[in-house]
Amino acid sequence: MRKAAQHWIRRSLITLSIIFLSLLQPGAAIVSAATPTPVDSASTLSATQKTTKVILSPNTKYATEMYIISSGVPGPVVLVTGGIHGNEKAGYLAADQLRSTTIRSGTLLVIPRANKLADNANTRAIKGEKDLNRAFPTSKTGQPSYTPAKAIYAVVKQYKVNWVMDMHEGYGYSAGGSASVGQSLIYYPSTACTAMTNTILKQVNAGIKTSSHRFVALRYPVGGSLARSSAQYLGTNSFIFETCTKDSINTRISEQLLAANTLLKQLKMK
């Protein structure tokens with residue numbers, strides 16, 4: 001009887017060892033996308049972060065990906081969009097990188113290529129299609145007038161988004177007339193958004209030596225834009241961040257990411 005029990009124990013241990021080793025093999029399922037990692041002396045990143053990909057406007061020519069990065073810890077909901085204008089590459093390339101970021105609280109929603117038709121064609125908007133940056137409601141009871149805008153606006157409502165950062169680009173450094181909004185952060189005024197604007201500008205301008213190339217704060221995103229509509233009618237804190245295409249693509253991407261990461265850090269999400 002004693003030998004039988006010892007034999008059963010040995011077989012059980014062998015079986016458990018095989019199961020454990022199989023989990024370490026390449027291709028094994030991973031439930032959590034993040035491992036606890038020290039951030040500073042007082043906090044650690046969430047061990048429960050998960051990233052989920054969903055398709056907006058599925059089964060249409062406008063179909064595009066949204067990435068839901070959930071920390072598993074209560075906190076703000078931030079939406080970052082790129083590619084609303086298809087010829088503004090730094091915005092969607094920065095958003096592409098941002099979707100793999102790690103957060104310790106709240107939820108980060110990233111739509112890297114909001115206007116996929118225009119992004120693929122490298123044009124502001126497709127001929128015969130609407131300008132996505134003018135397709136959002138211009139009144140409280142208004143509705144988006146374009147399929148991609150309808151999907152994005154629904155996301156803001158469904159996920160109860162607190163902050164919106166829309167990544168764009170212009171062709172000049174300085175704002176002037178109708179030529180260009182320059183290197184700028186265009187925000188919808190609120191106490192929180194005004195303070196955040198000042199903090200972000202301080203960070204991105206710290207490494208810019210030429211004064212005429214520095215980012216400036218402008219108020220009120222254009223009517224019909226995601227930033228203007230979501231702030232004015234849905235109560236989000238929203239801004240458009242504009243880099244200048246005269247700089248190298250790497251510089252522009254770095255500036256977009258610095259602005260986004262400053263936002264996340266100030267909200268204690270990173």
Side-chain angles (χ1 to χ4, degrees), residues 27 29-34 45-86 88-89 91-121 125-126 129-130 132-133 135-137 143-168 225-227 229-231 233-238 240-241 256-257 260-261 263-264 267 269-270:
I30 300 175
V31 176
S32 174
L45 293 173
S46 169
T48 58
Q49 175 170 312
K50 293 181 181 179
T51 299
T52 304
K53 182 175 78 172
V54 300
I55 304 300
L56 303 183
S57 306
N59 304 315
T60 73
K61 63 182 179 179
Y62 309 104
T64 194
E65 297 83 10
M66 178 174 77
Y67 298 85
I68 306 166
I69 305 166
S70 176
S71 69
V73 177
V77 180
V78 174
L79 170 63
V80 177
T81 55
I84 277 186
H85 285 148
E88 299 175 11
K89 292 183 178 181
Y92 64 71
L93 292 175
D96 275 337
Q97 292 188 34
L98 195 64
R99 65 186 173 88
S100 61
T101 196
T102 301
I103 57 175
R104 60 176 177 173
S105 67
T107 301
L108 175 61
L109 310 173
V110 183
I111 306 173
R113 297 169 187 258
N115 192 353
K116 207 162 191 179
L117 286 178
D119 297 342
N120 290 342
I126 295 292
E129 301 277 350
K130 286 184 176 291
L132 182 52
N133 207 41
F136 292 88
Q143 298 297 321
S145 58
Y146 190 37
T147 298
K150 291 176 183 177
I152 297 169
Y153 211 59
V155 164
V156 178
K157 293 179 177 179
Q158 178 183 347
Y159 291 90
K160 299 179 180 179
V161 171
N162 304 117
W163 288 83
V164 173
M165 177 181 177
D166 190 12
M167 296 175 162
H168 280 259
S225 65
L226 169 63
S229 295
S230 63
Y233 308 123
L234 300 181
T236 65
N237 294 290
S238 298
I240 295 173
F241 191 74
Q256 293 279 3
L257 289 173
N261 284 315
L263 171 66
L264 296 176
L267 295 175
M269 293 175 66
K270 289 195 75 173

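Given the structure is predicted, the values throughout are model-derived calculations rather than measurements.
Every pair tested for salt bridge (charged side-chain N to carboxylate O under 4.0 Å, His left out) that includes a residue from residues 70-82 fails, sequence neighbours excluded, so the list is empty. Sorted by first and then second residue, the salt bridge (charged side-chain N to carboxylate O under 4.0 Å, His left out) pairs with a member in residues 71-81 form an empty list; sequence neighbours excluded.
When side chains are defined from C-beta on, N133 counts as touching D166, because their heavy atoms get closer than 4.5 Å. Counting heavy atoms from C-beta outward, P137 and P144 have side chains that approach closer than 4.5 Å. Residues S71 and M269 have side chains not in contact (no heavy-atom distance under 4.5 Å, counting atoms from C-beta outward).
Only one option out of T102, I103, V78 pairs with I69 in a side-chain contact (heavy atoms from CB on, under 4.5 Å); it is I103.
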Using distance only, find each side-chain donor-acceptor pair of residues 147-165 under 3.5 Å and give its atom names and separation, not counting sequence neighbours.
from: N162; atom 1: OD1; to: V77; atom 2: N; distance (Å): 2.8

Validation: residues 53-64 side-chain donor-acceptor distances under 3.5 Å, sequence neighbours left out:
from: T60; atom 1: OG1; to: S57; atom 2: O; distance (Å): 2.7
from: T60; atom 1: OG1; to: Y62; atom 2: N; distance (Å): 3.1
from: K61; atom 1: NZ; to: E129; atom 2: OE2; distance (Å): 2.8
from: Y62; atom 1: OH; to: E129; atom 2: OE1; distance (Å): 2.9
from: Y62; atom 1: OH; to: E129; atom 2: OE2; distance (Å): 3.4
from: T64; atom 1: OG1; to: R113; atom 2: O; distance (Å): 2.7

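Nearest heavy-atom pair across A227 and S238 is O-CB, 3.3 Å. Pairing each heavy atom of S229 with each of F136, the nearest pair is OG-CB, 3.3 Å.
Separating the OG1 atom in T236 from the CG atom in L79 is a distance of 9.0 Å, to the nearest 0.5 Å.
Under the rule for a side chain to side chain donor-acceptor pair (under 3.5 Å), the partners of N261 that lie at least two apart in sequence or sit in another chain are K270. With sequence neighbours excluded, the residues satisfying side chain to side chain donor-acceptor pair (under 3.5 Å) with Q256 are T243. Residues satisfying the side chain to side chain donor-acceptor pair (under 3.5 Å) criterion with N237, sequence neighbours excluded, are S190. Annotation: side chain to side chain donor-acceptor pair (under 3.5 Å) contacts of S225 (sequence neighbours excluded): none. The side chain to side chain contact (heavy atoms under 4.5 Å, CB included) test applied to A95 returns V110, P112, M167, not counting sequence neighbours. Judged as a salt bridge (Lys or Arg N to Asp or Glu O under 4.0 Å), and not counting sequence neighbours, the contacts of K116 are E65.
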